[in-house]
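In the text below, chain A, chain B and the rest are named by the order of the sequence lines, each starting its count at 1.
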Amino acid sequence: MSLLTDPLVQRMLLVALLVGLAAPIVGTYLVQRRMALLGDGIGHVALAGVAAGWLAGSWAGFAERDALAIPGAIVFAIAAAAIIERMRSHGTTGADVVMAILFYGGIAAGVLLIGAAGGTNANLLGYLFGSISTVTWTDVWVTVGLAVVILVVGLGLRQALFAVTHDQEFAFSIGLPVRALNMVVAVLAAVTITVAMRVVGVLLVSALMILPVAIAQLLTRSFARTMWLAMGIGATLCVTGVGITLEHNLQPGALIVVLGVVLFLVVSIGTALARRRSRATTSRTVVSS
Amino acid sequence: MPKPYPAPTTAAVDVAGVTVALGGTQILHGVDFGCAPGEVVAIMGGNGSGKSTLVRTVVGAIAHSTGDIRIFGEKPSRKTMGRVGYVPQRISAASGVSATAREVVSSGLLGGGHLRAPRDARTRAEQTLADMGIGNLASKDVSRLSGGQQQRVLIARALVRNPELLILDEPMAGVDVPSQEALAHALDDRKKAGTAIVIVLHELGALAPLIDTAVVLEHGCVTHVGEPPRDLGVHALPGHDHVHPHDDPHEGEPRLNWEVTS
């Protein structure tokens, strides 16, 4: 139990819990809209933001050169999300190619900018794969603040966001502010990615948004219950993953995602077997009657 | 004392000279039509005639380039759209996350300035589903229902709003007979209650007795406004008894693929 009184362990678990709760909220809306891969794309651009923040920090002569890394990531991620959302809502032709260019450009610009800031690619690794074991109290407060925004907006506007992501044409017809609500989803996705980056890293950030939703969908057919269940699964995966790495020398982000994939496989096999059994029972009943 | 003027009857929807272009192609060429409270207007025409584009423009899902659309005498706004119920064409497997019929119908209680459904949303949604004869399906995943059942869910989503103007886009397409009957019954009730109903149809079918006016579109132009052709196929033949407001060079050629249902 002494482990739990260690302030670093407390910080790690708190951040893991918040990220695990928040990420599946936006994930549910993205899966609903069939944009499960959006998180990956925004994550790539957020990396350029990290590096740009780093560069700005070194120009400003900050003692901690990465002080502006997270603000930079937020700005870049929101800008990318807004551009992608505009292209989506305008039905721009070739939008997928523009998106691809944005994503490659993000990673490449990140590598170049970090070099210009006097850093090395090793500095970027923490953002690529997560670096939860280095969280400071400042990081915790930033995470708390952003997670509260995601929870309040993502849950508070759930009915309206469901209406817009479920059937946009109907949402227009009842006079919902469709464009504004679409932008809310995009900005929430950007904020979520910046928050989750710390735990699992840019390369795996999308997994934390999508995997819990995919698992929850195997267990329930209601939108609201999918979201609640996904939040529970996300929080459990993150806290369990981080907890295991306290005892074993494993990379937390990768472990969380592997745990999620294993859980997905176990649950899908389990539900498939249960369905087959109930079908067999039904057909036996039909035959015997 | 002077006799007061009778209250002006405002049309529920009034479309004047509406032109719509999508992706550089002109879809609607100056379309006019209207629908008064208690009236049922059928928008008819072949595939690609622009009938769905017309109603999607009226509900604000598509922007029009010229012309004027009035809903209850006002320009469409969040407030006026609060009085409208819309049933879009059924989209199979609409979204990535499944949702129950109750959740889909409850989303009909939003809009008109409200981002959250009222407290009694659940009861109202269940009641409306029951009115459509599918109260037992409230907790079922919509994407796993039959076509007709899905259509009834979408109609319940529009009716739960208690709309004064109801707009339906091909509600009979791919719908089983019990669902067609449930729909005809629900529309009859609404018509008697004074709701204005605009309905895009490919064929008259079970709804024929309800329809007051047929607006026929061809290539984005209105080619006929008047009584619906009661006898199928007659509209397309010479000697039919209703008036055409146009000079149609193709008069007499069979061109509408309405199917004989009786």
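- Taking 4.5 Å as the limit, some side-chain heavy atom of Val267(A) sits within range of a side-chain heavy atom of Thr271(A).
- Looking at Val87(B), neither its backbone nor its side chain comes within 4.5 Å of chain A, counting heavy atoms on both sides.
- Of the residues Ile155(B), Asp131(B), Thr128(B), the one that meets the side-chain contact (heavy atoms from CB on, under 4.5 Å) test with Val160(B) is Thr128(B).
- Two residues are said to be in side-chain contact when any heavy atoms from C-beta on lie closer than 4.5 Å; Ser52(B) and Gln89(B) meet this criterion.
- A heavy-atom distance below 4.5 Å is not found between the side chains of Thr28(A) and Met231(A).
- Using a 4.5 Å heavy-atom threshold, the side chains of Phe72(B) and Leu165(B) count as touching.
- Only the side chain of Arg56(B) comes within less than 4.5 Å of a heavy atom of chain A; its backbone N, CA, C and O stay farther away.
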Could you walk me through whether Leu188(A) and Ile25(A) pass side-chain contact (heavy atoms from CB on, under 4.5 Å), step by step?
CA-CA 9 Å; Leu188(A) 279 185; Ile25(A) 297 179; 5.7 Å; no
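- Using a 4.5 Å cut-off between non-hydrogen atoms, the part of residues 211-221 of chain A that approaches chain B consists of Val213(A), Gln217(A), Thr220(A), Arg221(A).
- Looking only at side-chain heavy atoms (C-beta outward), Met209(A) and Ile193(A) come within less than 4.5 Å of each other.
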Report the C-alpha distance between Asn162(B) and Arg190(B) in whole Å, list the side-chain angles of each, state the deciding distance to 0.1 Å, and finish with yes or no for side chain to side chain donor-acceptor pair (under 3.5 Å).
CA-CA 9 Å; Asn162(B) 242 331; Arg190(B) 300 305 309 189; 3.3 Å; yes
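- Only the side chain of Thr226(A) comes within less than 4.5 Å of a heavy atom of chain B; its backbone N, CA, C and O stay farther away.
- Residues of residues 60-67 of chain B that come within less than 4.5 angstrom of chain A, heavy atom to heavy atom, are Gly60(B), Ala61(B) in numerical order.
- Between Asp212(B) and Lys191(B) the shortest side-chain heavy-atom distance falls below 4.5 Å.
- For chain A, no part of Arg102(B) is nearby; none of its heavy atoms comes within less than 4.5 Å.
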Using the rule given for side-chain contact (heavy atoms from CB on, under 4.5 Å), can you reason through Val222(B) versus Phe33(B), listing the C-alpha separation, both sets of side-chain angles and the distance that settles it, and then say yes or no?
CA-CA 9 Å; Val222(B) 176; Phe33(B) 90 95; 5.6 Å; no
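- With a 4.5 Å cut-off on side-chain heavy atoms, Phe76(A) and Leu47(A) do not count as touching.
- Of the residues listed (Arg152(B), Gln149(B), Gln151(B), Gln150(B)), the one engaging Ser179(B) in a side-chain hydrogen bond (donor to acceptor under 3.5 Å, both in side chains) is Arg152(B), and it is the only one.
- When side chains are defined from C-beta on, Leu187(B) counts as touching Ile199(B), because their heavy atoms get closer than 4.5 Å.
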Show the numbers, then the answer: is there a side-chain contact (heavy atoms from CB on, under 4.5 Å) between Leu208(A) and Cys238(A)?
CA-CA 9 Å; Leu208(A) 214 49; Cys238(A) 284; 3.7 Å; yes
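- Residues forming a side-chain contact (heavy atoms from CB on, under 4.5 Å) with Arg116(B) (at least two apart in sequence, or on another chain): Gln159(A).
- Of all the listed residues (Arg161(B), Arg157(B), Arg144(B)), the one sharing the greatest number of non-hydrogen pairs under 4.5 Å with chain A is Arg157(B).
- Within residues 133-140 of chain B, no residue approaches chain A closer than 4.5 Å by heavy atoms.
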